Amino acid sequence: MTPGDRRRTDARPRAFEEVLARIEERIAADGLTVGDRLPGERQLAEQLGVGRSSVREALRVLETLGVVASQAGRGPDAGAVLTSRPGEALTDLLRLHLGLATLSMREVIDTRLMIEQWAAARAASARAASARAASAQTAPAQTASVQTASAQAASAQAATGRMAEAIAAMDAARDPAEFVEHDIAFHLALAEAAGNRLIMAVMRALRDALRRYAVDAVVRLGDTGGLQDDHRRIHRAIEDGDAGAAAAAVAEHLARAYPESGRDS
């Protein structure tokens, strides 16, 4: 390969990455939100000063990532529409990596452990802080911050309510697949109780990618009583505002559900 060939080979990824960065800047600068339309391919190429092939490739990647959806048409109907489906692409990528064995179950469960322990501790701490604030006398100058904290506490309380509903639904599940559906709802509500949307998106992708393995785990265990005891301990620790107990209960739960992915295996 000649230096010229090398330059041409190296230039395309750099140009493509630059287009992605420029499109991201345009989205932020124009204040675009979900449902808004990007300029058409030709217009974007002119605005960014790049070739249409680079714009086309960048848009194709953004569509694969679930950031935009292609829209055929002319005039005002041309251009890609911003969407809110990035979690779907992440789920697909995780499932593929699991299937190809480029990610081990241990790596995925370790990631879940880190995320869910943090989420459970965070939710429990928020619950404890809310209880302290409710029992304290608040000065007028603190009213705005207290109102914000109250709104966050109300959102977390709604999420822990959904955790309780999921536990009841798991008790009534007729088969492993139905049990796992409600189990997923429980763990997503746990992530939601922590109040972090990115954690929610990652957890959703992890749980969706692990769905088949989760059903296999329930079938292997046979009796779901232990899992349900774990769920109740997690929920109770969060409700009690005990961050340490909540994190410990998550660790015990994942070790029970996936013993083959333990650190000593």
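Residue numbers count from 1 along this sequence. Atom set for the values below is all heavy atoms of this structure, side chains included, hydrogens, waters and symmetry mates excluded. Just so it is clear, the structure is predicted and the values come from calculations on it, not from any experiment.
Shortest non-hydrogen contact noted between Ala251 and Gln117 is CB-NE2, 3.5 Å. The shortest heavy-atom contact between Leu190 and Ala120 is CD1-CA, 3.7 Å. Closest heavy-atom contact between Gly226 and Arg256: O-NE, 3.4 Å. The two residues Leu59 and Val68 have their closest heavy-atom pair at O-CG2, 3.8 Å. Nearest heavy atoms, Ala191 versus Ala119: CA-CB, 4.2 Å. Pairing each heavy atom of Ala257 with each of Ala217, the nearest pair is O-CB, 3.5 Å.
Side chain of Arg211 to backbone of Glu181: no donor-acceptor contact under 3.5 angstrom is found. Side chain of Asp36 to backbone of Thr33: a donor-acceptor contact under 3.5 angstrom is found.
Crowding of Arg122 atom CZ: a count of heavy atoms from other residues, nucleotides or ligands under 6.0 Å not exceeding 12.
Checked against salt bridge (charged side-chain N to carboxylate O under 4.0 Å, His left out), Glu25 has no partners two or more places apart in sequence or in another chain. For Gln47, the side-chain hydrogen bond (donor to acceptor under 3.5 Å, both in side chains) partners at least two apart in sequence or on another chain are Arg26. Shown here are the side-chain hydrogen bond (donor to acceptor under 3.5 Å, both in side chains) partners of Arg42, two or more places apart in sequence or in another chain: there are none. The side-chain hydrogen bond (donor to acceptor under 3.5 Å, both in side chains) test applied to Arg56 returns Glu41, not counting sequence neighbours. In terms of the side-chain hydrogen bond (donor to acceptor under 3.5 Å, both in side chains) criterion, residue partners of Glu107 (sequence neighbours excluded) are, by chain and number, Ser104. By the side chain to side chain contact (heavy atoms under 4.5 Å, CB included) test, Val215 pairs with Pro176, Val180, Val219, sequence neighbours left out. In this view, Arg233 and Asp230, Glu252 satisfy the salt bridge (charged side-chain N to carboxylate O under 4.0 Å, His left out) rule, not counting sequence neighbours. With sequence neighbours left out, the side chain to side chain contact (heavy atoms under 4.5 Å, CB included) criterion links Ala243 to Ala121, Ala124, Ser125. A search for salt bridge (charged side-chain N to carboxylate O under 4.0 Å, His left out) contacts involving Arg60 returns nothing, not counting sequence neighbours. In terms of the salt bridge (charged side-chain N to carboxylate O under 4.0 Å, His left out) criterion, residue partners of Glu178 (sequence neighbours excluded) are, by chain and number, Arg174.
Linking ILVMFWY residues whenever their side-chain heavy atoms come closer than 4.5 Å, directly or via other members, leaves Leu210 and Met200 in distinct clusters.
Residue pairs meeting the ring-ring contact (aromatic ring centres under 6.0 Å, His included) criterion with at least one member in residues 224-243, sequence neighbours excluded, are Phe186-His231, His187-His231, His231-His253. Residue pairs meeting the salt bridge (charged side-chain N to carboxylate O under 4.0 Å, His left out) criterion with at least one partner in residues 234-249, sequence neighbours excluded, are Arg127-Glu239.
Rounding to the nearest 0.5 Å places CH2 of Trp118 at 4.5 Å from CG of Asn196. Remark: Leu206 CG to Thr111 OG1 distance equals 6.5 Å, nearest 0.5 Å. One finds the CG atom of Leu254 at 9.5 Å from the CG atom of Asp110 (value rounded to the nearest 0.5 Å). Atoms CG and CZ, on Asp171 and Phe179 in that order, are 8.0 Å from each other to the nearest 0.5 Å. In this structure, CG on Asp183 lies 9.5 Å from CG on Leu188, to the nearest 0.5 angstrom. Here CZ of Arg207 is found 11.5 Å from CD1 of Ile115. Values are rounded to the nearest 0.5 Å.
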>> What verdict does the side chain to side chain contact (heavy atoms under 4.5 Å, CB included) test give for Ile234 and Met163, after you've listed the backbone C-alpha separation in whole Å, the side-chain angles of each residue and the deciding distance to 0.1 Å?
In response: CA-CA 10 Å; Ile234 295 168; Met163 291 171 66; 4.2 Å; yes

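Ionic pairing of Glu192 and Arg197 is not present here: no N-O contact between side-chain nitrogen and carboxylate oxygen is shorter than 4.0 angstrom.
Under the 4.5 Å side-chain criterion, counting only non-hydrogen atoms from C-beta, Tyr258 is not in contact with Arg106.
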